[in-house]
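Predicted model, so just to flag it, every value in this text is computed and none were measured. Both counts, for ligands and for their atoms, begin at 1 and track the order of listing.
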Amino acid sequence: MEKIPTKVFAIAQQGAKFVADKIKATIKKNDAANKMTVLGLATGSTPILLYKELVEMHAKGLSFKNVVSFNLDEYYPMLSGAPQSYNRFMDENLFNHIDIKRENVFIPDGQVPLEEIEKYCENYEKKIDDFGGIDIQILGIGRTGHIGFNEPGSSPKSHTRLVTLDKKTRIDASGDFRNEGNVPRTAITMGVGTISKAKRIYLMAWGDNKSNIVAKAIEGEVSWQVPATFLQNHPKTFFVLDAAASSDLERIKTPWLTESCEWDWPITLKAVCWLCDILKKPVLKLTDEDYNKKGMGDLIAKSGSAYELNLEVFRHLRDTITGWPGGKPGTKDERRPERAEPFPKRSLIFSPHPDDEIASMGGTLIRLVDQGHDVHVAYQTSGNVGVVDDDVINQLNFVKEFAALFNISDTETERYLKKTKEVFMKRDGPQEDLDNVKHIKSLIRKVEAKASCRYCGVSPSNIHFLNLPFYETGKLQKKDLCEKDVEITVQLLREIQPHQVFLSGDQVDPNSTYKICLDVVLEAFKRLENEQWVSDCWIWMYRGTKYEWPISEIDMAVPLSPEEMIRKRQAIIKHKSQMKVPVFAGDVANVSWQQAELKNKKTAGWYDNLGLPEYEGVEVFKRCEF
Ligand code: F6R
């Protein structure tokens with residue numbers, strides 16, 4: 001089914017290393033032949049890992065002296081030093097750290113006068129040709145299927161030109177620009193035709209967000225509506241994916257349809273749930289004929305009969321359901337997802353931002369507290385980037401009015417208020433937050449998190465604000481995970497010695513806060529491996545409000561009654577600064593409690609459709625063994 005050769009790696013780092021090795025080999029080969037290497041480069045979050053690899057390779061001796069680079073695109077208009085400019089991005093992520101000659105770097109200029117753009121673009125094309133064309137072109141893919149900024153409707157013959165950005169693309173970029181309104185409407189981009197002239201192309205994609213469009217690009221019909229499908233006609237294009245980005249490919253999603261497969265338990269479970277879904281039948285009603293008709297006769301042969309297999313799957317799914325996420329004290333029921341003893345448990349919930357835990361597993365959190373467990377919540381980052389300036393102004397006004405009301409004259413406070421207001425006044429557009437603004441934003445989120453925990457009954461001494469340093473850039477792009485991040489986490493784990501830990505296991509972009517927060521905890525556990533309590537600590541992973549674990553991967557499902565859904569909603573709403581149409585949530589125009597409810601109801605629907613009990617909502621977890 002795959003019309004483009006595709007390599008899938010377990011994690012993005014491996015994929016990035018694979019592409020970096022290809023670039024290195026090409027540079028070496030051309031160096032040996034006294035030839036320049038011409039690279040076509042991309043920006044965005046996808047190539048960041050690749051650039052880290054190249055920088056490391058340079059530190060170990062790889063020279064870029066004989067490399068010429070052409071970047072795909074730049075927003076228009078855009079000052080080259082602006083935080084969102086692709087010129088600045090390239091300097092910060094690659095060019096400042098390697099020995100490429102500045103005169104060999106070409107990036108579309110976001111400041112060319114409008115009337116000169118056509119000529120400018122013609123020259124850009126010509127320059128690429130003058131250097132003999134691009135040896136290796138690096139691409140990411142947008143959710144619209146764009147490559148470069150060639151949005152749906154772009155011609156396969158298009159050249160470098162000024163284009164209008166798709167709404168989805170502008171929403172995706174809104175995080176970098178603080179809101180969608182600030183995102184430029186146009187950009188200069190190499191055309192599909194320009195890209196297609198490259199001798200070899202590597203398109204990389206990481207994370208769940210990309211799985212759908214990646215499958216369309218690789219398996220779909222060539223279409224102007226998905227410009228990446230034009231790559232099917234290029235003889236040397238390769239897709240490089242991580243496991244999450246590959247998850248919608250037929251061979252991964254339904255391997256039994258594409259090749260004869262090893263019917264181990266995870267695949268069997270997945271296949272049976274899939275069959276129920278497409279036939280709209282509950283598990284216990286599937287017949288031998290149903291299996292046979294979908295080419296799964298060998299599975300039935302292996303299991304004895306549809307009846308046997310259906311029962312096995314039904315029992316498995318039934319046993320994932322529990323109203324006792326901390327285990328049911330006093331029972332000897334081994335089939336429950338959590339152990340009965342010890343009781344009460346020390347439960348530690350890690351939350352990447354203040355509110356992820358409540359939106360993702362608020363019902364479970366409330367149950368754990370109600371059932372008498374010692375529940376701790378650790379907010380890994382301050383979450384200050386998610387607060388808009390306007391909320392800071394509101395808080396400052398409150399402080400001022402408060403002081404006036406009670407005749408409090410505190411010159412220090414006055415001075416601070418003045419300083420912060422000055423910062424806002426000097427702001428001439430979207431840029432990173434300065435320290436005192438960051439602190440106020442962190443404080444806003446801290447107070448809201450406390451309110452939410454108070455509502456759920458979490459003891460104030462059990463709320464931990466870790467403020468991990470990797471997050472504190474004041475902008476969307478974060479620093480790498482550092483030693484201090486791990487130390488802080490190790491210290492907390494040692495202090496609490498939890499019996500169960502919940503953490504966010506979202507398979508998202510490797511540079512995202514979620515992924516870094518997951519890596520920190522896993523690294524901390526690795527370091528604590530030899531401590532006695534760790535062997536008795538179970539780790540459960542939840543997911544954000546957008547994606548859910550596939551039903552076949554769920555190890556624990558906690559049902560929510562209508563009343564519990566409302567309690568969860570109330571707890572989410574305590575995070576007032578987040579009750580806006582989310583800036584970073586793509587095209588989902590709901591606020592977080594709506595997204596959470598939609599997801600929990602949808603998950604409940606899966607169980608219902610499979611013939612299990614019907615609940616108002618369900619929160620689910622996957623056990624992480626390491
Ligand atoms: C960037 C570019 C775009 C991105 C695409 C994916 O130079 O041309 O096509 O590659 O929008 O963006 P990320 O990598 O941020 O998901």
Side-chain angles (χ1 to χ4, degrees), residues 12 15-16 19 39-52 69-76 78 84-95 105-110 124 134 137-152 154 158 160-177 183-184 186-192 194-196 198 201-214 217 226-231 237 239-242 244-245 475-478 507-515 584 586-587:
V19 178
L39 299 179
L41 299 177
T43 53
S45 69
T46 307
I48 291 178
L49 289 174
L50 168 69
Y51 297 152
K52 278 187 186 147
S69 76
F70 286 91
N71 259 79
L72 280 167
D73 41 21
E74 176 60 288
Y75 292 110
Y76 185 85
M78 178 57 63
Q84 301 80 9
S85 104
Y86 286 169
N87 279 266
R88 179 163 160 186
F89 174 98
M90 289 308 297
D91 282 349
E92 288 178 356
N93 287 285
L94 185 64
F95 298 145
V105 167
F106 301 95
I107 307 181
D109 180 357
Y124 202 76
I134 290 171
Q137 175 66 55
I138 300 302
L139 296 177
I141 184 168
R143 285 188 313 129
T144 56
H146 73 209
I147 47 175
F149 275 138
N150 295 285
E151 300 288 13
S154 299
S158 51
T160 305
R161 68 209 186 286
L162 186 69
V163 292
T164 302
L165 298 177
D166 189 278
K167 178 155 175 70
K168 252 194 195 171
T169 301
R170 293 184 68 233
I171 291 172
D172 284 347
S174 61
D176 288 331
F177 286 86
V183 183
T186 48
I188 297 176
T189 182
M190 282 186 196
V192 180
T194 328
I195 292 170
S196 301
I201 299 175
Y202 290 100
L203 186 148
M204 300 179 292
W206 325 127
D208 279 326
N209 244 345
K210 299 288 171 79
S211 60
N212 187 279
I213 195 67
V214 159
V226 183
T229 56
F230 292 132
L231 297 170
T237 289
F239 272 43
V240 178
L241 313 175
D242 68 353
K475 57 179 180 174
L476 216 56
Q477 196 175 335
K478 303 299 181 297
Q507 313 294 299
V508 281
D509 187 299
N511 309 295
S512 74
T513 299
Y514 294 97
K515 180 68 172 62
F584 307 139
D587 47 0

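- The side chain of L72, and not its backbone, has at least one atom closer than 4.0 Å to an atom of ligand 1 (non-hydrogen atoms only; side chain from C-beta on).
- Residue G140 has at least one heavy-atom neighbour below 4.0 Å for each of these atoms of ligand 1: 10 (O).
- At a 4.0 Å cut-off, not a single heavy atom of R143 sits close enough to ligand 1 to count as contact.
- What you find for Y75 and P184 is that their closest heavy atoms are CB-CG, 3.7 Å.
- Contacts between D73 and ligand 1 below 4.0 angstrom, taking non-hydrogen atoms only, involve the side chain exclusively.
- In this structure a side-chain-to-backbone donor-acceptor pair under 3.5 Å is missing from S69 to L39.
- At least one N or O atom of S45, backbone or side chain, sits closer than 3.5 Å to an N or O atom of ligand 1.
- Short contacts between ligand 1 and G44, defined as distances under 4.0 Å to a heavy atom of the residue, involve ligand atoms 14 (O), 15 (O).
- Contact check for L72 versus T43: no side-chain heavy atoms found under the 4.5 Å cut-off.
- In this structure a side-chain-to-backbone donor-acceptor pair under 3.5 Å is present from E74 to N87.
- Under 4.0 angstrom from ligand 1, the non-hydrogen atoms of I141 all belong to its backbone.
- Although no hydrogens or angles enter the test, the distance criterion places no donor-acceptor pair under 3.5 Å between the side chain of Q137 and the main chain of A198.
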